[in-house]
Amino acid sequence: VDQRDNRSLLEHYAHGRNVLNMFCYTGGFSFYAMRGGANLVHSVDSSAKAIELTNKNIELNFPGDPRHEAYAVDAFKFLDDIKDKYDLIILDPPAFAKHRDALRNALRGYTRLNALAFEQIRPGGILFTFSCSQAVSKEQFRLAVFTAAAQSGRSVRILHQLTQPTDHPVNIYHPEGEYLKGLVLYVEWGMRNEEWGMRNFCDKRGQNQVYLNYAELSKNHIAKQIILAISELQLKYIVPEGGQIMLNRGVTDQREGTCG
């Protein structure tokens, strides 16, 4: 119910696109994508019961329609190798943080999930990405998504900033009541890390790193926000000579990693 307005928005973007609905549950976004005229709609959820419900809902509304397929598989595994098959992806996972103690792990999870989507989506693709974690503020969620964009080297534009509908009001004394945060993003491949003042490299030991240049960062307010968020998101970093920050892309030890 709390996603009905956002699903209606998705319907307007779906025409002619190949749509991937991650964490599909009962297939709400899949239904709206089908109704909006998508070329194909693939629904993914780790729960076999959820996939069963999605298939029933799609068959009830679009009997015999070959555009829809559903997969009961882990989301991260599915996103890991889909190449550029989809140009509209929905990320609507369950809450990653139900309490403050889980915040840091949740932010890392959102960053990893969105980075996979950025890396796999087609150029010119649209990403609908959400968080329903009360413990994660909209600012923290945005920074996690921005960090994912930086890690993946994609040029990303915000088309819409989404939340819950008006029949889910937020008490000013309980800001956590604004639990649903969403972004609709346009993802390009034309400008990569240079846009952020970054430079990719793989060293002799196969490390996958990114350099951030302070001179360029001074021109880019969002990139500076990402640097400020590094410690919050627990990304590894060091400051070598030359006034640059070297980010290690999600590797737990700065001395070891793999390129790719």
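Computed over heavy atoms, backbone and side chain alike; hydrogens, waters and symmetry mates excluded.
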Step by step, work out the side chain to side chain contact (heavy atoms under 4.5 Å, CB included) result for Leu185 and Leu159.
CA-CA 6 Å; Leu185 306 170; Leu159 301 179; over 6 Å; no

Hey, mind stepping through Gln151 and Arg112 against side chain to side chain donor-acceptor pair (under 3.5 Å) and telling me if it holds?
CA-CA 9 Å; Gln151 287 182 342; Arg112 180 187 170 206; over 6 Å; no

Could you go step by step and tell me if Leu79 and Met22 meet the side chain to side chain contact (heavy atoms under 4.5 Å, CB included) rule?
CA-CA 9 Å; Leu79 280 172; Met22 301 299 302; 4.1 Å; yes

Going through the checks in order, is the ring-ring contact (aromatic ring centres under 6.0 Å, His included) test met by Tyr32 and Tyr13?
CA-CA 10 Å; Tyr32 278 83; Tyr13 282 101; over 10 Å; no

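Note that CG of Leu20 is 9.5 Å distant from CG of Leu40, once rounded to the nearest 0.5 Å.
Remark: the backbone N or O of Gly64 is paired with a side-chain donor or acceptor of Glu59 at under 3.5 angstrom. Proximity of a side-chain donor or acceptor of Asn57 to a complementary backbone N or O of Thr26 within less than 3.5 Å is detected. Not a single donor-acceptor pair under 3.5 Å links the side chain of Ser43 to the backbone N or O of Ala70. Although no hydrogens or angles enter the test, the distance criterion places a donor-acceptor pair under 3.5 Å between the side chain of Lys181 and the main chain of Val136. For Asp87 (side chain) and Asn18 (main-chain N/O), a donor-acceptor pair under 3.5 Å exists by modelled atom type. Side-chain atoms of Arg157 do not come within 3.5 Å of backbone N or O of Val187 as any donor-acceptor pair. Remark: the backbone N or O of Tyr25 is paired with a side-chain donor or acceptor of Thr54 at under 3.5 angstrom. Side-chain atoms of Arg108 do not come within 3.5 Å of backbone N or O of Arg104 as any donor-acceptor pair.
Contact annotation: the side chain of Asp92 approaches that of Gln3 to within less than 4.5 Å [non-hydrogen atoms, C-beta and beyond]. Residues Ile126 and Ile121 are not in side-chain contact: their nearest non-hydrogen atoms beyond the backbone lie 4.5 Å or more apart. In this structure, Val44 and Asn21 have side chains that are not in contact, with every pair of non-hydrogen atoms separated by 4.5 Å or more. Side-chain atoms of Arg35 and Phe62, non-hydrogen and from C-beta on, do get closer than 4.5 Å to each other. Taking 4.5 Å as the limit, every side-chain heavy atom of Val73 sits out of range of all side-chain heavy atoms of Ser46. Counting only heavy atoms from C-beta outward, the side chains of Phe128 and Leu9 approach each other to under 4.5 Å. No side-chain heavy atom of Ile90 sits less than 4.5 Å from a side-chain heavy atom of Leu127. Using a 4.5 Å cut-off on side-chain heavy atoms (C-beta onward), Val184 and Leu162 make contact.
The shortest non-hydrogen separation linking Phe23 to Pro93 is CG-CA, 3.5 Å. Closest non-hydrogen pair, Pro63 versus Leu60, comes out as CD-O, 4.2 Å. The shortest non-hydrogen separation linking Pro94 to Cys132 is C-SG, 3.8 Å. His68 approaches Asn55 most closely through the heavy-atom pair CE1-OD1, 3.5 Å. Minimum heavy-atom separation, Arg17 to Gly125: NH1-CA, 4.1 Å. Minimum interatomic distance between Cys24 and Ile51 (heavy atoms only, all atoms of both residues): SG-CD1, 3.8 Å.
Using a 30° and 60° split on the angle between ring planes, Phe141 and Tyr110 fall in the perpendicular class, above 60°.
A salt bridge is defined here as a Lys NZ or Arg NE, NH1 or NH2 lying under 4.0 Å from an Asp or Glu carboxylate O, and Asp81 with Lys83 meets this definition. Salt bridge status for Lys56 with Glu52: present, with a side-chain N to carboxylate O gap under 4.0 Å.
With a 6.0 Å radius and a threshold of 12 heavy atoms from other residues, nucleotides or ligands, His160 has its NE2 atom above the threshold.
When the side chains of ILVMFWY residues are joined at heavy-atom separations under 4.5 Å, either directly or via intervening members, Leu116 and Tyr71 end up in a single hydrophobic cluster. Follow the hydrophobic side-chain contacts under 4.5 Å out from Leu113 and you reach Phe78 in the same cluster.
Paired with Tyr86 under the rule side-chain hydrogen bond (donor to acceptor under 3.5 Å, both in side chains), one option of Gln120, Arg122, His42 passes, and it is His42.
A cation-pi geometry, defined here as NZ or CZ lying under 6.0 Å from the six-membered ring centre and within 45° of its normal, does not hold between Arg154 and Phe118.
Judged by distance alone, the side chains of Thr129 and Asn114 do bring a donor and an acceptor atom under 3.5 Å apart.
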